[in-house]
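Written out below as structure tokens is the structure these notes cover.
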Amino acid sequence: MNATAQIKAQDDGLRHDWTVDEVEALFAMPFMDLMFQAQQVHRASFDANKIQVSRLISIKTGSCPEDCTYCPQSAHYATGLEKEKLMAVEEVVEAARQAKEEGASRFCMGAAWRGPKGEDFEVAVAMIEGVKALGMQTCATFGLLDKWQAQRLKDAGLDYYNHNIDTSPEHYKEVITTRTFQDRLDTLDTVREVGLHVCSGGIVGLGENNTDRAKMLLTLANMERHPDSVPINLLIAIPGTPLEHAEKPDPFDFIRTIAAARVMMPKSFVRLSAGREGMNEEMQALCFLAGANSIFCGHKLLTAKNAAPGTDKSLFGRLGLSPL
């Protein structure tokens, strides 16, 4: 096997037939070689000095019936999280307006639901309409969707739907038991079918091994269409969750995951997502060099801390980066 795992072109110029051995070969490459290959791939499709900036807020916090072992919003765990009702439409639109002023081009709304229902869903639709009217890209993560709901969201102006696969199919049952891996794939198929852009990635630090990380990326890259946006999250170990004492991954393993995602999905935005607040500037810079070209801005990601906009502006200036 060629250790560089060169990309084989298909009809869309992208690969959809990766093997586990090939992905593990990417992980095993000398770090400098992998970074060089990822940077070459990145520059073939993107301006290497432009970063897409999004803002993520929680429109409804806590009491989620799912048992995701990493999530403080799960009703299964005592994390001390203050539960909040669904926000008012006006509050969300104002938050989006502020995000736009601070440089965000995409506004993402998350709700602690297994899936949206009833009047809450209609309120969420109104939020999307209001944010879209500001001229921003819109993204939502509301859990499981049926086709009618997906179409309704698209008609309201939704651009992206986020539904992460989190980890490999094999490791998934160690992380979540209240919904299956196939449930997640079905929702992704549904939103893709109505023409929404797909945002789907995973989390590094869930107790998985390198093979699990390889299979997580392989699942995404071997989809009929690559996700348009691929968030790579670093676990934020929250007290009260089953993963509060999870071992932190080696920073270079995380960066390798970013680089492999870039090589495997050349035209997708790869987002440096949760966990960035705990990374030093040098680690973030290496992630950008590895091909990450999207971030969340703002002090908070749903319920977790995030790098402040002023900090990002300073880092961007020092690196010669600018918002897309």
Side-chain angles (χ1 to χ4, degrees), residues 20 23-24 26-28 31 56 58 61-82 110 112 114 141 143 162-181 183-184 200-220 230-261 270-280 282-284 286-287 290 292 295-296 299-307:
V20 174
V23 185
E24 290 187 323
L26 284 175
F27 286 152
F31 185 76
L56 172 65
S58 177
T61 302
S63 300
C64 182
E66 306 285 13
D67 67 352
C68 308
T69 53
Y70 53 80
C71 185
Q73 300 203 63
S74 172
H76 295 257
Y77 315 125
T79 62
L81 180 70
E82 185 176 346
R114 176 175 172 80
T141 177
N162 168 260
H163 202 58
N164 291 333
I165 61 170
D166 288 345
T167 188
S168 69
E170 293 79 5
H171 189 62
Y172 185 87
K173 62 183 180 295
E174 304 298 325
V175 180
I176 304 161
T177 67
T178 50
R179 74 171 79 168
T180 67
F181 194 80
D183 287 336
R184 292 186 180 263
S200 186
I203 305 171
V204 177
L206 299 175
E208 78 286 347
N209 56 35
N210 264 352
T211 299
D212 290 313
R213 292 171 195 161
K215 289 184 175 181
M216 182 265 290
L217 293 179
L218 179 147
T219 299
L220 297 168
V230 181
I232 304 296
N233 300 274
L234 180 62
L235 176 71
I236 302 173
I238 304 295
T241 64
L243 289 175
E244 66 174 306
H245 299 300
E247 183 178 352
K248 291 185 177 180
D250 184 291
F252 290 110
D253 287 342
F254 181 82
I255 298 164
R256 286 178 183 276
T257 305
I258 294 276
V270 176
R271 179 179 295 138
L272 180 58
S273 291
R276 194 163 63 86
E277 189 269 343
M279 300 177 191
N280 63 30
E282 292 81 4
M283 182 176 175
Q284 292 183 62
L286 283 174
C287 287
I295 62 167
F296 282 123
H299 296 274
K300 200 174 182 181
L301 293 183
L302 296 180
T303 62
K305 290 182 180 179
N306 188 48

Exceeds 12 heavy-atom contacts within 6.0 angstrom, atom CZ of Phe31 | yes
Roughly how far, to the nearest 0.5 Å, is CD of Gln284 from CD1 of Ile255?
-> 10.5 Å
Just wondering, do Cys287 and Arg276 contact through their side chains at under 4.5 Å, heavy atoms?
-> no
Indicate yes or no: at least one non-hydrogen side-chain atom of Arg184 is less than 4.5 angstrom from one of Thr219.
-> no
Got a donor-acceptor contact below 3.5 angstrom from the Tyr172 side chain to the Ile165 backbone?
-> no
Which distance, rounded to the nearest 0.5 Å, do you find between the CD of Glu247 and the CG of Leu235?
-> 12.0 Å
Find the distance between CG (Leu218) and CE (Met216) and round it off to the nearest 0.5 Å.
-> 11.0 Å
Decide yes or no for Asp253 and Val204: does some side-chain heavy atom of the first lie under 4.5 Å from some side-chain heavy atom of the second?
-> no
Interatomic spacing from NE2 in His171 to CZ in Phe181 - rounded to 0.5 Å = 12.0 Å
Stacked cation flag Arg271 on Phe296, 6.0 angstrom / 45 deg = yes
Any side-chain heavy-atom pair from Met279 and Leu272 closer than 4.5 angstrom?
-> yes
After noting the C-alpha distance and the side-chain angles of Leu220 and Ser200, does the key distance pass the side chain to side chain contact (heavy atoms under 4.5 Å, CB included) rule?
-> CA-CA 8 Å; Leu220 297 168; Ser200 186; 3.7 Å; yes
Look at the side chain of Thr69 and the backbone N and O of Pro242, then say whether any donor-acceptor pair between them is shorter than 3.5 Å.
-> no
Could you tell me whether the side chain of Ile236 reaches within less than 4.5 Å of the side chain of Thr241, counting heavy atoms only?
-> no
Would you say the side chain of Ile203 lies within less than 4.5 Å of the side chain of Asn164, judging by non-hydrogen atoms?
-> no
When you look at Leu217 and Ile232, which way does the side chain to side chain contact (heavy atoms under 4.5 Å, CB included) test go after all the steps?
-> CA-CA 10 Å; Leu217 293 179; Ile232 304 296; 4.2 Å; yes
Nearest atoms (heavy-atom pairs only) where Asn162 meets Pro231 | ND2-CG, 4.0 Å
Under 3.5 Å, is there a donor-acceptor pair between the side chain of Glu208 and the main chain of Leu206?
-> yes
Any side-chain heavy-atom pair of Phe254 and Arg213 under 4.5 Å = no
OG1 of Thr167 to CG of Asp212, rounded to nearest 0.5 Å, is 5.0 Å
Is there a donor in the side chain of Thr178 and an acceptor in the side chain of Asp67, or the other way round, less than 3.5 Å apart?
-> yes
Have Asn233 and Tyr70 got a donor and an acceptor in their side chains that come within less than 3.5 Å?
-> no
When rounded to the nearest 0.5 Å, the distance separating SG of Cys68 from CD of Gln73 is 10.0 Å
Which atom pair, heavy atoms only, marks the closest approach of Ala246 to Gly205?
-> CB-O, 3.9 Å
List the atom of Phe27, the atom of Ala214, and the distance in Å for their closest heavy-atom pair.
-> CE1-N, 3.6 Å
